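Nothing here was measured: the structure is a model prediction, and the numbers come from that model. Numbering of residues begins at 1 and proceeds along the displayed sequence.
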Amino acid sequence: MKSNFNNRVLKHLSLWMIVLAFFGCENDLSDFEEASYSKDPNVFIDTFSPGLNYAAFSNTVISAFQVDNEVTYNNSSASMRFDVPNVNDPEGAYAGGAFFTTVGRDLSGYDALTFWAKSSKAATLDVVGFGIDLGENKYPASISGARLSTTWKKYIIPIPDASKLKTEKGMFYFSEGPENGDGYTFWIDEVKFEKLGTIAHGEAAIMNGANVSETTFVGVNSKVDGVIATFNLPNGVNQAVNLSTSYLEFTSSNASVASVDSTGLVTSLSPGTATITAKFGDTDATGSLTVNCQGTFVHAPTPTRNSEDVISIFSDAYTNVPVNYYNGYWQPWQTTVSNDFTVNGDNILNYTIFNFVGIEFSSPTVNATMMSHIHLDVFIPGPIAPGRELRVIVVDFGADGTYSGGDDTRHSTTFTAPTLVSQNWVSIDIPFANMPNLASKSHLAQIILEGGDTSVMYVDNIYFYNDGSVIPSVPTTAAPTPTTPAANVTSVFSDAYTNIAGTNLNPSWGQATVVTQVPIAGNNTLKYAGLNYQGIELGTPQDVSSKNFLHLDYYSANSTSLKVYLISPGPVEKSFTLTVPSPGGWNSVDIPLSTFSPVNLSNVIQLKFDGNGDIYLDNIYFRN
């Protein structure tokens with residue numbers, strides 16, 4: 001079928017080139033007529049209409065659509081069968097696709113797209129319509145929630161304004177997901193455009209018929225949405241049709257404050273107020289969008305933390321993890337609407353009529369065990385009402401990684417004035433250590449913001465970060481490479497120098513410590529597991545009286561006590577206390593040898609460590 005269509009296109013193009021060549025010899029083209037387009041109303045009548053192609057949408061089951069010769073309407077020879085997958089089907093999440101032509105058709109003489117449908121069980125079809133052509137998609141129109149049953153029924157999709165469809169390529173499209181987690185099959189037949197003549201002229205609305213007001217800034221783009229039209233069908237039913245903004249004509253009450261283009265894109269230009277309205281043909285659409293431009297936008301502080309210390313949910317400064325949505329529209333009593341905008345490349349979450357909102361990132365969940373804080377920046381453009389609260393709730397889905405699996409935990413942190421201020425960005429940093437109700441942070445999946453007073457709130461830079469207080473139990477990078485010249489070093493343990501020959505790194509002193517040497521990023525490293533105490537016996541007594549420092553690099557994520565000793569015969573020993581856990585990972589210290597007095601620096605025979613936890617050591621040497 002596709003091959004035949006391509007052949008026809010080639011023949012048409014060949015003929016068109018001949019016509020151009022013929023008229024190219026003439027200067028007078030006054031007799032040249034505009035090309036006419038097919039007025040074929042049929043989409044699928046027992047088979048594809050001429051020139052029709054099909055393409056499945058992304059993330060759908062590619063094979064969901066088939067031509068069926070068994071189940072048909074009115075004993076016709078074929079119908080379109082659509083197999084909706086079950087939840088978690090590996091082949092795709094839903095069934096959906098578009099039927100389109102490469103050469104447009106003139107549909108201006110029709111007033112509806114009609115079809116017959118039935119299903120294997122009672123179901124509700126998510127979306128079905130026309131106008132998706134995998135190109136400009138300028139004039140789509142659709143209905144939502146069409147009720148399917150196990151018997152054939154005729155459905156009507158009114159054409160909002162047929163005069164605009166003189167070269168339309170999008171003949172039919174659909175999208176449907178599992179019902180209550182289960183898949184099913186539905187059939188569609190006799191798909192065609194008709195002139196019914198009994199459809200009452202539609203009444204259109206923008207912003208779902210509401211008069212919406214939003215605060216913006218110079219350079220901010222807003223979008224007119226919620227575009228619907230209601231038509232009275234021949235059976236007396238009022239049918240709501242979702243339609244493209246291209247069916248409407250928009251007007252700004254103050255074009256110097258805000259302009260609006262043919263697609264409903266509003267651009268704020270200067271401080272002031274402008275109201276966007278629309279006409280549907282000669283009729284005013286209900287609803288409006290009032291833009292209150294406040295002037296130049298003040299951006300949130302630019303994050304400065306290293307990307308390796310950050311897991312980002314929403315920020316232009318970092319690469320964000322996969323996010324299901326930034327507004328889940330969870331509950332019937334949620335009023336929050338998303339009117340996100342971009343200013344000079346800076347994306348901002350804009351929550352209007354804010355009472356609460358859910359942000360979910362559960363596919364996959366986030367392992368933040370190495371993070372110490374959650375950060376977000378919020379901006380409240382309006383006044384702070386007395387008693388206004390903002391609650392930041394962090395949710396972990398537990399080991400099963402699913403919502404309401406029985407092991408979910410959450411913690412809520414509340415902010416009020418004076419932390420909350422108006423007309424300024426507020427940077428919020430909450431330590432995980434202050435979230436006792438959060439049993440785990442290895443399967444984080446949601447951030448919930450609530451406590452709004454149905455006003456407006458901007459949000460930016462939502463991320464988890466490590467301030468250096470959380471370190472991996474095992475170092476992922478090697479200790480810093482020493483730079484002291486070898487001539488100024490007496491080395492006990494280091495790949496960078498020649499070590500004292502014959503040194504015993506694990507003498508038997510009755511200790512419980514387990515001593516091993518492990519490679520860390522290719523660098524040989526000394527590990528003390530379960531330290532209580534541990535000695536190092538130098539191969540020969542060392543005179544380090546001419547040296548100034550004992551240097552060592554150490555790393556521990558779980559130690560709460562760690563000391564290093566120098567020992568001379570007697571024995572005479574003196575300790576130096578190290579800071580643990582080692583902040584920021586590897587900690588490099590240079591300890592003045594005078595600290596170890598009264599140890600005889602001209603006759604050092606041993607080093608000792610005591611404390612607890614797991615310790616990693618490298619680059620133990622004396623230096624000038």
Side-chain angles (χ1 to χ4, degrees), residues 300-301 303 305 307-315 317-331 333-334 336 338 340 347-351 354-380 388-416 419-420 425-452 457-472:
R305 296 189 179 276
S307 58
E308 58 266 26
D309 297 325
V310 169
I311 299 175
S312 182
I313 305 301
F314 180 85
S315 178
Y318 306 108
T319 299
N320 300 319
V321 299
V323 175
N324 303 50
Y325 45 74
Y326 293 104
N327 187 347
Y329 303 103
W330 284 341
Q331 303 292 344
W333 57 87
Q334 178 182 350
T336 307
S338 291
D340 306 336
N347 294 294
I348 306 295
L349 296 175
N350 178 20
Y351 296 125
F354 171 67
N355 63 342
F356 77 91
V357 68
I359 300 170
E360 184 164 313
F361 37 93
S362 60
S363 303
T365 58
V366 167
N367 183 355
T369 53
M370 296 311 303
M371 301 293 112
S372 61
H373 292 72
I374 179 177
H375 172 93
L376 64 155
D377 294 314
V378 299
F379 187 103
I380 301 173
R388 169 72 183 270
E389 293 182 341
L390 174 63
R391 289 180 289 279
V392 180
I393 303 170
V394 181
V395 183
D396 186 280
F397 277 2
D400 63 4
T402 59
Y403 174 70
S404 292
D407 55 358
D408 300 10
T409 58
R410 63 177 60 198
H411 187 89
S412 176
T413 307
T414 301
F415 298 90
T416 59
T419 301
L420 300 182
W425 283 101
V426 178
S427 293
I428 293 175
D429 294 89
I430 311 171
F432 281 111
N434 294 350
M435 300 184 192
N437 296 327
L438 193 70
S440 167
K441 52 179 177 176
S442 58
H443 299 90
L444 298 183
Q446 292 175 348
I447 297 170
I448 303 170
L449 307 177
E450 65 176 32
M457 184 173 72
Y458 310 142
V459 183
D460 199 1
N461 301 320
I462 307 173
Y463 56 83
F464 307 110
Y465 70 90
N466 183 3
D467 66 354
S469 61
V470 180
I471 60 176

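- Ring orientation note: the planes of W333 and F356 are tilted relative to one another, at an angle of 30° to 60°.
- By the side chain to side chain donor-acceptor pair (under 3.5 Å) test, N367 is found to be paired with T369, residues two or more places apart in sequence or in another chain being considered.
- In this structure, the side chains of E360 and Y403 stay at 4.5 Å or more apart for every pair of heavy atoms.
- Not counting sequence neighbours, F415 has no partner by the ring-ring contact (aromatic ring centres under 6.0 Å, His included) test.
- Residues Q446 and S362 form no side-chain contact, since every pair of their non-hydrogen atoms from C-beta on lies 4.5 Å or further apart.
- With sequence neighbours left out, H373 forms a side chain to side chain donor-acceptor pair (under 3.5 Å) with no residue at all.
- Taking all atoms of both residues into account, the shortest heavy-atom contact from N324 to S363 is ND2-OG, 3.4 Å.
- One finds the CD1 atom of I393 at 8.0 Å from the OG1 atom of T414 (value rounded to the nearest 0.5 Å).
- Annotation: side chain to side chain contact (heavy atoms under 4.5 Å, CB included) contacts of I462 (sequence neighbours excluded): I313, F314, L349, I359, L376, I447, V459.
- In this structure, the ring-ring contact (aromatic ring centres under 6.0 Å, His included) partners of F379, at least two apart in sequence or on a different chain, are W425, Y458.
- When the side chain to side chain contact (heavy atoms under 4.5 Å, CB included) test is applied to M371, the partners found at least two apart in sequence or on another chain are I311, A368, F432, F464, N466.
- Annotation: the span from L420 atom CG to I380 atom CD1 amounts to 5.0 Å, rounded to 0.5 Å.
- Atom CG of D396 sits about 8.0 Å away from atom CG of D407, to the nearest 0.5 Å.
- Applying the side chain to side chain donor-acceptor pair (under 3.5 Å) test to W330 and every residue at least two apart in sequence or in another chain returns Y325.
- Under the rule for a salt bridge (charged side-chain N to carboxylate O under 4.0 Å, His left out), the partners of R391 that lie at least two apart in sequence or sit in another chain are E389, E450.
- Here the straight-line distance linking atom OH of Y465 with atom CG of D429 works out to 3.5 Å at 0.5 Å rounding.
- Although no hydrogens or angles enter the test, the distance criterion places a donor-acceptor pair under 3.5 Å between the side chain of S372 and the main chain of D467.
- Residues satisfying the side chain to side chain donor-acceptor pair (under 3.5 Å) criterion with S440, sequence neighbours excluded, are S442.
- The side chain to side chain contact (heavy atoms under 4.5 Å, CB included) check on N327 picks up Y329, Q334, T336, S338, Y351, V357, with sequence neighbours excluded.
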